[in-house]
A.B. asks: 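Before anything else, here's the structure in question.
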Amino acid sequence: MSVGLETLERFRQDALDLALSTQKVTFGSGGDSRRWALMLDASNTQASLRGTGGLASLDYQIFQSTYGLEYRLSSDWRVGGVFGYGTNGLSNYQFSNVTIDADTTSGAVYGLYSPGAAWKIAALAGYTSFQNRSNRPIQFGTIDRTAQARWAANGLTLALTSEYDWVLNPARPAPGASQPAPQRDAIRFKPRALVSYAKYNQGAINETGANSLNLAVNSHTADSLILGLGGTLEVPIRLSNQSRLIPRLSIGYEHDLMGNSNEEHQLTASFAQVPEPGSLTLLGQNRGADALDVALNLEYEASESLSLYADVGGSFWSNGNEISYGGGLRWRFGGAPGGGAPTPAP
């Protein structure tokens with residue numbers, strides 16, 4: 001369940017990063033005619049949870065590919081859809097040689113509102129389907145069996161975030177000019193606030209293959225409610241008239257209001273073929289309530305329409321840590337309806 005919740009958070013983070021992408025902001029003449037934006041992203045996360053209070057330590061991995069398409073309704077409003085496909089897996093479980101992996105399929109819609117030149121507010125709603133598989137070898141004495149299971153799960157994620165574009169070195173008007181030069185190459189700091197909710201619904205698990213040692217695990221639901229604050233420092237480097245290199249350093253803090261609740265990471269299980277002993281409630285390790293996030297992003301902007309980027313980041317939770325890395329592509333295309341003439345950006 002901890003890995004399921006983190007998978008939902010990974011998709012939410014990648015989808016919001018696409019929605020807030022700076023590459024879609026119109027700069028210079030001609031950019032205002034582009035109505036559509038295509039975005040591709042892929043990320044991989046490796047993480048370890050440290051067992052506390054007698055609970056088991058474990059490792060997990062999450063791969064997420066994300067594909068987004070956005071349409072600009074007006075200068076203030078944009079809407080978009082995001083599709084995601086990925087996998088996750090649990091390994092190195094401290095108390096058993098069990099492995100669990102899953103295929104995930106996700107979809108989300110978002111709206112992006114820009115009430116001013118510096119503000120962005122994005123709201124996102126997404127759904128993820130999980131197809132899980134487990135493999136649990138059982139070896140002691142003369143017993144050598146393997147319990148296997150397949151089960152479905154699903155998740156919901158909702159998020160609201162806001163970002164402010166603070167230009168640290170604003171350009172001044174050239175001599176004799178009434179307007180300042182374009183701010184495209186300015187150094188910027190972008191503080192961001194986040195509220196995110198995730199719900200992971202896990203179906204019942206019924207093992208087969210181990211006879212009397214098969215387990216039956218009841219279905220369960222786990223929730224996460226995250227409040228976050230952070231910011232990104234962006235320092236563009238001009239390479240040519242068309243191209244730029246844009247390093248970004250991000251740091252943030254997140255608090256999960258449900259991170260320390262036992263109800264969020266416990267299950268009730270029993271022996272499937274020997275129900276007489278009754279059921280037992282088991283507690284699993286979660287990531288904890290607090291996290292420090294650090295990330296470095298490097299984007300190569302070949303033109304106003306096309307850019308490539310790569311990033312690496314780490315999250316340091318109360319009970320574990322993870323490292324993520326990935327990259328993607330952003331491309332703006334299409335003209336204004338009716339073939340209208342481009343409108344120069346301020």
Side-chain angles (χ1 to χ4, degrees), residues 6-27 31 33-46 61-73 77-89 102-112 114 120 122-130 155 157 159 161 163 190 192 196 232 234 236 239 242-248 250 293 295-313 315 322-335:
E6 185 61 24
T7 300
L8 295 176
E9 299 291 348
R10 181 76 259 174
F11 175 67
R12 179 266 300 168
Q13 181 176 332
D14 290 351
L16 282 181
D17 284 347
L18 293 184
L20 294 171
S21 165
T22 57
Q23 174 60 18
K24 297 175 301 179
V25 178
T26 300
F27 295 108
S33 67
R34 299 185 181 97
R35 293 274 182 170
W36 293 93
L38 176 66
M39 302 154 287
L40 308 177
D41 182 272
S43 63
N44 192 66
T45 300
Q46 304 281 345
Q61 174 267 337
I62 300 170
F63 170 77
Q64 179 69 59
S65 59
T66 314
Y67 315 89
L69 182 64
E70 181 185 275
Y71 182 72
R72 180 170 55 82
L73 298 172
W77 285 97
R78 304 165 189 258
V79 295
V82 180
F83 172 78
Y85 174 77
T87 60
N88 65 39
D103 296 323
T104 62
T105 305
S106 305
V109 293
Y110 68 83
L112 180 65
S114 303
K120 291 182 182 178
L124 177 139
Y127 173 85
T128 299
S129 172
F130 296 78
T157 181
T161 186
E163 181 181 88
K190 300 180 178 182
R192 184 189 297 189
S196 174
T232 299
E234 179 179 298
L239 301 179
Q242 291 291 323
S243 62
R244 300 187 301 164
L245 189 65
I246 312 172
R248 298 183 180 94
S250 300
D293 300 322
L296 177 64
N297 175 281
L298 190 63
E299 179 173 359
Y300 172 68
E301 187 180 273
S303 67
E304 292 183 13
S305 301
L306 178 66
S307 68
L308 304 171
Y309 64 93
D311 50 62
V312 61
S315 293
E322 65 181 34
I323 183 170
S324 300
Y325 51 90
L329 175 148
R330 304 183 182 106
W331 176 37
R332 285 183 297 143
F333 61 97

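Since the structure is predicted, the reported quantities are computational estimates derived from the model, not experimental observations. Scope of the values below: all heavy atoms of this structure, side chains included, with no hydrogens, waters or symmetry mates.
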A.B. asks: Are Gln46 and Glu322 close enough that some pair of their side-chain heavy atoms sits under 4.5 Å apart?
C.D. replies: no
A.B. asks: Going by side-chain hydrogen bond (donor to acceptor under 3.5 Å, both in side chains), Ser250 matches just one of Asp311, Thr232, Asn297. Which one?
C.D. replies: Thr232
A.B. asks: Determine whether the side chains of Ser129 and Tyr127 contain a donor N or O and an acceptor N or O closer than 3.5 Å.
C.D. replies: no
A.B. asks: Quick one: does Arg248's side chain have a donor or acceptor within less than 3.5 Å of a partner on Leu296's backbone?
C.D. replies: no
A.B. asks: If every non-hydrogen atom of Gly68 is compared with every non-hydrogen atom of Leu18, which pair is closest and at what distance?
C.D. replies: N-CD1, 4.2 Å
A.B. asks: For Tyr71 and Arg35, run side chain to side chain contact (heavy atoms under 4.5 Å, CB included): C-alpha distance rounded to whole Å, both residues' side-chain angles, the deciding distance at 0.1 Å, then the answer.
C.D. replies: CA-CA 6 Å; Tyr71 182 72; Arg35 293 274 182 170; 3.7 Å; yes
A.B. asks: Is there a side-chain contact between Phe11 and Thr128 (heavy atoms, below 4.5 Å)?
C.D. replies: yes
A.B. asks: Going from CD on Gln64 to OG1 on Thr7, what distance comes out if it is rounded to the nearest 0.5 angstrom?
C.D. replies: 8.0 Å
A.B. asks: Report yes if some heavy atom in the side chain of Ile323 is under 4.5 Å from a heavy atom in the side chain of Val312; otherwise report no.
C.D. replies: yes
A.B. asks: Give the minimum heavy-atom separation between Ser307 and Glu301, together with the two atoms involved.
C.D. replies: CB-CA, 3.8 Å
A.B. asks: Working to the nearest 0.5 angstrom, can you tell me the gap between Leu16 CG and Thr161 OG1?
C.D. replies: 6.0 Å
A.B. asks: Distance check, rounded to the nearest 0.5 Å: Arg72 atom CZ versus Arg78 atom CZ?
C.D. replies: 6.0 Å
A.B. asks: Can you tell if the side chain of Ile246 reaches within under 4.5 Å of the side chain of Tyr300, non-hydrogen atoms only?
C.D. replies: no
A.B. asks: Will you find, in the side chains of Asn44 and Gln61, an N or O donor that is under 3.5 Å from an N or O acceptor?
C.D. replies: yes
A.B. asks: Give, for atom CG of Leu8 and atom OG of Ser106, the distance between the pair rounded to the nearest 0.5 Å.
C.D. replies: 7.5 Å
A.B. asks: Applying the side-chain contact (heavy atoms from CB on, under 4.5 Å) criterion to Tyr85, which one of Asp103, Thr104, Thr66 satisfies it?
C.D. replies: Asp103
A.B. asks: Is it true that the side chains of Ser21 and Arg330 contain a donor and an acceptor less than 3.5 Å apart?
C.D. replies: yes
A.B. asks: For a quick test of reading the model, state the closest non-hydrogen atom pair linking Leu329 to Tyr309 and the distance between them.
C.D. replies: N-CE2, 3.7 Å
A.B. asks: Which pair of non-hydrogen atoms, one from Leu112 and one from Lys120, has the smallest distance, and what is that distance?
C.D. replies: CD1-CB, 4.1 Å
A.B. asks: If you look at every heavy atom in Ala15 and Val82, which pair is closest and at what distance?
C.D. replies: CB-CG1, 4.1 Å
A.B. asks: Which residues satisfy the side-chain contact (heavy atoms from CB on, under 4.5 Å) test with Gln13, sequence neighbours excluded?
C.D. replies: Arg10, Asp17
A.B. asks: Rounded to the nearest 0.5 Å, what separation is found between the CG atom of Leu40 and the CH2 atom of Trp331?
C.D. replies: 10.0 Å
A.B. asks: Please lay out, stage by stage, how Tyr67 and Asp41 fare under the test side chain to side chain contact (heavy atoms under 4.5 Å, CB included).
C.D. replies: CA-CA 6 Å; Tyr67 315 89; Asp41 182 272; over 6 Å; no
A.B. asks: To the nearest 0.5 angstrom, please state how far the CD atom of Glu9 sits from the OG1 atom of Thr157.
C.D. replies: 6.0 Å
A.B. asks: Please report the shortest heavy-atom distance between Ala19 and Glu70, naming the atom on each side.
C.D. replies: O-OE1, 4.1 Å
